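None of these values were measured; they are calculated from a predicted model.
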2 protein chains.
Amino acid sequence: MKRNTWQREAVRSALGESDGFISAQALHGALRDSGTTIGLATVYRALTDLTDEGEADTLTQDGEALYRACTPDTHHHHLICRRCGATEEIAADPVEQWARQVAAEHGYTKAEHVVDIFGLCPACSRLSETPDTP
Amino acid sequence: MKRNTWQREAVRSALGESDGFISAQALHGALRDSGTTIGLATVYRALTDLTDEGEADTLTQDGEALYRACTPDTHHHHLICRRCGATEEIAADPVEQWARQVAAEHGYTKAEHVVDIFGLCPACSRLSETPDTP
DNA sequence: ATGAATGCAAACTCTTTGCACATTG
DNA sequence: CAATGTGCAAAGAGTTTGCATTCAT
């Protein structure tokens, strides 16, 4: 049976408070700053559980995992700026359908998909004219 | 001045050979299997250089950095069985278009995307009825 | 009371760095 | 010959795990 501990609630709550994506360690720091005495491992475990349960969304950037609260009914993907790290949610309904169809065509079940787009956001595109020779 | 060593060439070449994204360690393993005696650190350094020079593309997934040669003509996606590891190439033309459009709509440039589908292949789907209690 | 969850610290994985030696230009 | 690249091993960063203790049920 899954127990209901204040730590787990604290993680869920803090994740909901935070605006964008946040790293496990940053979340742990925030929780500590808020006066709680939660352990880092517990934060990691809670985040893993939340992700498994579909309550959190995760992506890894630059060697660390970033988490964000996620409503189970809105499966979405991300458009990530490779330079400044800005992240935008994108709806990917066409891709959802396509993914389901491809999986079905090949007889695959329990299909999950990973769809992320990396690029340079408008600001970063302007700031640095990438030297390119095509 | 940047020197021209066989190690650097070997990394560039091996990266070009490999199909999709590949981790530094996997690349190192492949190079070792090919009979070379290149060091892991050298592979990392070469990959960093190649990325800086725009000859390689990088993204991090699941805590490790994946690299790929930056030539856009080797672009396809994979349908991967989570149980037995079988991998099939899939055409993703609709997704290509969608990705390009989404990036453009948001003003992103130099967009790359990651699209992979994980599931259970027909055989594995039959073999193991996944115990699930929703 | 019972057993899952916590917290700490040690273990692990991936990556980077310091330094002596080899190699390139 | 001078300076840059290499290889090894040790150090770092992020994450996971083992185990005794605490706490929800």
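Of the listed nucleotides (C:dG7, D:dG7, D:dT15), D:dT15 has the atom at the smallest distance from the side chain of A:Gln25. Checking C:dG25, C:dC14, D:dT6 against every side-chain atom of B:Glu64, the shortest atom distance belongs to C:dC14. Comparing C:dC8, C:dG7, C:dG18 by their closest approach to the side chain of A:Gln7 singles out C:dG7. In the set D:dA24, D:dT6, C:dG25, D:dA24 carries the atom at the smallest distance from any side-chain atom of A:Asn4. Taking every side-chain heavy atom of A:Ala41 into account, C:dA9 is the closest of D:dC8, C:dA9, D:dT6. The side chain of A:Tyr44 approaches D:dT15 more closely than any other nucleotide in the set D:dA24, D:dT15, D:dG7. Residue B:Lys2 places its side chain closer to D:dG5 than to any other of C:dG25, D:dG5, D:dG14.
The residue among A:Ala65 and A:Arg3 whose nearest nucleotide of DNA chain D is located toward the 5' end is A:Ala65. Of the two residues near DNA chain C, A:Thr42 and B:Gly63, the one whose nearest nucleotide lies more 5' is A:Thr42.
The nearest whole Å value for the distance from the CG atom in A:Leu27 to the P atom in D:dG14 is 15 Å. Between the NE2 atom of A:His28 and the P atom of D:dT15 there is a distance of 13 Å, given to the nearest Å. Atom CD in A:Glu9 sits about 16 Å away from atom C1' in D:dC23, given to the nearest Å. The CH2 atom of B:Trp6 sits 10 Å away from the P atom of C:dT24 (whole-angstrom rounding). For the pair B:Phe21 CZ and C:dC14 C1', the computed distance is 18 Å after rounding to whole Å. In this structure, CG of A:Asp49 is placed 12 Å from P of D:dT17, rounded to the nearest angstrom. Here the C1' atom of nucleotide C:dA5 and the CG atom of A:Leu47 are 15 Å apart, to the nearest Å. As rounded to whole Å, 16 Å separates atom C1' of D:dG5 from atom CG of B:Leu40.
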side-chain contact (heavy atoms from CB on, under 4.5 Å) between B:Leu47 and B:Tyr44, intermediate numbers included: CA-CA 5 Å; B:Leu47 285 173; B:Tyr44 274 107; 5.5 Å; no

Set out, in order, the CA-CA distance, both residues' side-chain angles and the distance that settles salt bridge (Lys or Arg N to Asp or Glu O under 4.0 Å) for B:Glu105 and B:Arg100, then state yes or no. CA-CA 9 Å; B:Glu105 275 175 7; B:Arg100 225 169 299 142; over 6 Å; no

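To the nearest 0.5 Å, atom CZ of residue A:Arg8 and atom CZ of residue A:Arg12 are 8.5 Å apart.
One finds a side-chain N or O of B:Thr5 lying less than 4.0 angstrom from the OP1 or OP2 phosphate oxygen of D:dT6.
Counting heavy atoms from C-beta on, the side chains of B:Leu27 and B:Leu15 come closer than 4.5 Å.
No contact: A:Ser23 has no heavy atom under 4.0 Å from any strand. In this structure, A:Arg45 reaches the bases: a heavy-atom distance under 4.0 Å links it to at least one base atom across the strands shown.
Between A:Glu55 and A:Arg68 there is no salt bridge, since no side-chain nitrogen of the basic residue lies less than 4.0 Å from a carboxylate oxygen of the acidic one.
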